[in-house]
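Beneath this line is the structure, given in structure tokens, with notes to follow.
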Amino acid sequence: MIPVTNSIKELTLLQPDDWHIHLRDDQALATTVPHAASSFNRVICMPNLVPPVKNVNDASAYRERILQQLQSSAVDSDRKAAFDPRMTLYLTDNTTAKDIEIAAQSGIVQAVKLYPAGATTNSADGVTDINACVAVFEAMEKYNLPLLLHGEVTHDHIDIFDREKRFLEDILGQIIAKFPALKIVMEHITTSDAADFILAQGNQVAATITPQHLMFNRNHLLLGGIKPHFYCLPILKRESHQKVLLDVATSGSPKFFLGTDSAPHATDQKEAACGCAGCYSSSIALPLYATAFDSVGKLDKLEGFTSRFGPQFYGLPVNETTVTLVNQPMQVPTNYPYFDGSTLTPLMAGETLPWSLKL
Ligand code: NCD
Ligand code: ZN
């Protein structure tokens, strides 16, 4: 990435929301909640807990645990007041149209997440046959509840680098054709194929993009030794895809918005013979996105991506609070304390970023 030197020293943005985050549960929340609350107002909390968040009762109990953690943390009182975790349901083979109706009417559930079974971390209970979801998708369409997709096929014989593209071809096109009014977010897109596909759809179809997929490619993951902290799913792709993602994210198109996919795994679980998938970024997400946008001279497009297009898609107002980024270097911590004496290593641990959050 070629840094562009510019004269912008400070950048005040409407407060961003994170439309895709993993906060995990219980003791993990002591680390993840203060980090998320320091940058974001609304956060869409992924439901891939063990066991998953499958119904409104699970979702409301999970939200309570997050809020309890927030109250007992050292987060500023104004950030505490602004932080607003929004819940998702985890779609299984047993989810019914009635579950969707109850979720939509609860006011607690913002969206429904589909993990193809086996696609990623904690997805064993995911959907095994999308054709069996007709009644559920109809209900989501009726109640205007967005479908959030982990867009990868899972068949063993399909190459890991082709799984997103195959999902577009084999699955997503069909869902859109059969449920034309269903709001869909293709989460954490990683390919030019996905970017082109999303651009070709109506306004009801959008995508989130993570900081790692804007800043890195598979060479960063694999060249000169394997770097487990760059390993996430969908896996980083080649540089040409990274460039297209950066193009569309910084284009001002409202179809692409912020979703960090910040996915904590303890350091020893990542730096292992069989390391977990997921990059932890929420504590430094805004400096990362600013660095990515700055690298192509598009800081003027940052606020749309971080703070306007997500609420627009979900039919929600933009936030009233603001956050300021300063063009002052920050060193990313090498790790954070995590639970049971473990640590959590963030993306770009120990490296210096040109942008930081103004405190
Ligand atoms: C996520 C996780 O750890 O929960 N991992 C990841 O690599 N992104 C799951 C997911 O969003 O795929
Ligand atoms: Zn995720």
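Just follow the structure's listing: the first ligand is 1, and inside any ligand the first atom is 1. Heavy atoms only: backbone and side chains are in, while hydrogens, waters and symmetry mates are out.
- In terms of protein heavy-atom proximity, atom 8 (N) of ligand 1 is closest to D261 OD2, 2.7 Å.
- The aromatic rings of Y336 and Y280 lie perpendicular to each other, with more than 60° between the two planes, well past the 30° mark.
- Within 6.0 Å of the NZ atom in K113, the count of heavy atoms belonging to other residues, nucleotides or ligands exceeds 12.
- Protein heavy atom closest to atom 9 (C) of ligand 1, with residue, atom name and distance, is T120 OG1, 3.4 Å.
- More than 12 heavy atoms of other shown residues, nucleotides or ligands fall within 6.0 angstrom of atom CG in D78.
- Taking any N or O of A277, backbone or side chain, at least one lies under 3.5 Å from an N or O belonging to ligand 1.
- Residues L222 and M348 share a single hydrophobic cluster, defined by chaining ILVMFWY side chains whose heavy atoms lie under 4.5 Å apart.
- The backbone N or O of N48 lies less than 3.5 Å from a partner atom in the side chain of N122, making a donor-acceptor pair.
- Among T31, V33, T32, the one residue that satisfies the side chain to side chain contact (heavy atoms under 4.5 Å, CB included) test with H35 is T31.
- A heavy-atom separation below 4.0 Å is not found between E187 and ligand 1.
- When each atom of ligand 1 is checked for a heavy atom of L233 under 4.0 Å away, the hits are 6 (C), 7 (O), 8 (N), 12 (O).
- Between the choices H22, H20, R24, the shortest heavy-atom distance to atom 3 (O) of ligand 1 belongs to R24.
- For the pair OD1 of D261 and NE2 of H22, the angle whose vertex sits at the Zn ion (ligand 2) is 90° to 10 degrees.
- Of the N or O atoms in Y115, none lie within a sub-3.5 Å distance of an N or O in ligand 1.
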